[in-house]
Amino acid sequence: MHYKKMHESGEFSRLYTYIHSLMTGVSVAFFIGLFSAGPTAVSCSIYLLIAAILFSFSLALNALFSVFFLFFGVDKQITFKLYTYNKLMNHLSNFSILLPFIAFVLLFFYFSHIIGWAFLIFLIVIFIFTAIIITQMLSKDNELHKFKLNLIENGNISEYEEFEKLHEFPIFNDDERREMSLEYGLLVLLKGKLTNFLNKGKFDKENVELMKGELISSLINICNTRAGDHELNLRIKKAIDYFGKTDLKECEIKKHVNEIISKIDNTGSVYFLI
């Protein structure tokens, strides 16, 4: 949800405009220095040659992305769709940002093998420590979530409220809380209807058509909340599309319904509120 908010507020476009422009400037600065060294410098070292090639790729890609965000960054829908639905766009963007760092490693080796290996070893150590820190953070977060669920199950409301004050982050404002609560209520209501639909075991055309109407209504209401989840909406749309077909299979109906229920159980707003 934070990722969607970054696109909606324009923060994503501003951030990537800055990063790609910075990487473009770094690449240009390298070639300015390289031109002053003369063409013979490149032919004297394989490290400098590969670094120059990587910086040229970096200059081309980062300049392209900088121009893209300059002209299309204001269109939040285009940037959101490209970076959310297109893996190639994401890979190219990340690769263009990574290229100057790889090239700098080669420059270290160009000046000294000792400096180059020292930098690589130090970088590996940093990655190891980062992995350990992230693992511990996720483990603690999971532990706190289980503790919160335990407080709710045991009815310890006062302890739960105190727990929320100590551990809640980010701090949601009143409008965001209302939206989260509204979406949570809509999802709970939808899950109840889907569960009842499965329990009745009546998958004839009439009942499926009624369920389709419920899904359409729920989708409209969920989309009106800014806290909506794209993947959940997509699953609902797929179910609506399938329920509109003439040749329906019970196993496929159950599959679509269970997929929606599963996503409701794991969606971010539900996780936050429980």
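Keep in mind that this is a model prediction, so the values were computed, not measured. As a basis for the values below, the full set of heavy atoms in this structure was taken, side chains included, without hydrogen atoms, waters or symmetry mates.
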Ring pair (Phe, Tyr, Trp, His ring centres under 6.0 Å) between F104 and F55, intermediate numbers included: CA-CA 9 Å; F104 268 117; F55 271 119; 5.5 Å; yes
Separation between CG of L99 and OG of S56, rounded to the nearest 0.5 Å: 9.0 Å
Heavy-atom pair with the smallest gap, counting every atom of M23 and P100: SD-CG, 3.6 Å
Any pair counted as salt bridge (Lys or Arg N to Asp or Glu O under 4.0 Å), so long as it reaches residues 187-204, sequence neighbours left out: K191-D265, K193-E214
CD1-CG distance between I236 and L190, expressed to the nearest 0.5 angstrom: 5.5 Å
R235 CZ to K238 NZ distance, which is reported to the nearest 0.5 Å: 8.0 Å
Closest non-hydrogen atom pair between A239 and I260, with its separation: CB-CD1, 3.7 Å
Nearest heavy atoms of K245 and K205, plus distance in Å: O-NZ, 2.9 Å
Atom of S93, atom of H20 and distance for their closest heavy-atom approach: OG-NE2, 3.1 Å
Single-linkage hydrophobic cluster L88~F95, side-chain heavy atoms < 4.5 angstrom: yes
Worked verdict on I134 versus L138 for side-chain contact (heavy atoms from CB on, under 4.5 Å): CA-CA 6 Å; I134 292 175; L138 293 175; 4.0 Å; yes
For F111, ring-ring contact (aromatic ring centres under 6.0 Å, His included) partners two or more places apart: none
L48 vs L34, side-chain contact (heavy atoms from CB on, under 4.5 Å): CA-CA, chis, key distance, verdict: CA-CA 9 Å; L48 189 58; L34 184 64; 4.1 Å; yes
Expected output: side-chain S262 to main-chain N258 donor-acceptor under 3.5 Å: no
Atom OH of Y18: over 12 foreign heavy atoms under 6.0 Å: no
L189 reachable from V257 in the ILVMFWY side-chain graph, under 4.5 Å edges: no
Aromatic plane relationship, F243 with F197 - under 30° parallel, 30 to 60° tilted, over 60° perpendicular: tilted
Considering all heavy atoms, the nearest Y242-K249 contact: OH-N, 2.9 Å
Within residues 116-137 or reaching into it, pairs that qualify as ring-ring contact (aromatic ring centres under 6.0 Å, His included) - sequence neighbours excluded: F108-F119, F109-W117
Evaluation steps, side-chain contact (heavy atoms from CB on, under 4.5 Å), between L59 and V28: CA-CA 7 Å; L59 179 59; V28 170; 3.4 Å; yes
CG-OG distance between L61 and S66, expressed to the nearest 0.5 angstrom: 10.5 Å
Joint cluster assignment, L64 & I53, ILVMFWY side-chain distance < 4.5 Å: no
Plane angle bin for Y16 and F69 - parallel if under 30°, tilted between 30 and 60°, otherwise perpendicular: tilted
Side-chain heavy atoms of F203 within contact of E252, under 4.5 Å: no
same_hphob_cluster(L210, I216) at 4.5 Å side-chain heavy-atom cutoff: no
Shared hydrophobic cluster for Y110 and I32 (ILVMFWY, side-chain gaps under 4.5 Å): yes
Heavy-atom side-chain proximity of F57 to S27 below 4.5 angstrom: no
Distance (rounded to the nearest 0.5 Å) between M89 CE and N94 CG: 11.0 Å
S217 side chain to G213 backbone, donor-acceptor under 3.5 Å: no
Non-hydrogen side-chain atoms of L194 and L215 separated by less than 4.5 Å: yes
Closest non-hydrogen atom pair between S96 and N62, with its separation: O-ND2, 2.9 Å
Spatial distance of atom CE (M211) from atom CG (N196) [nearest 0.5 Å]: 9.5 Å
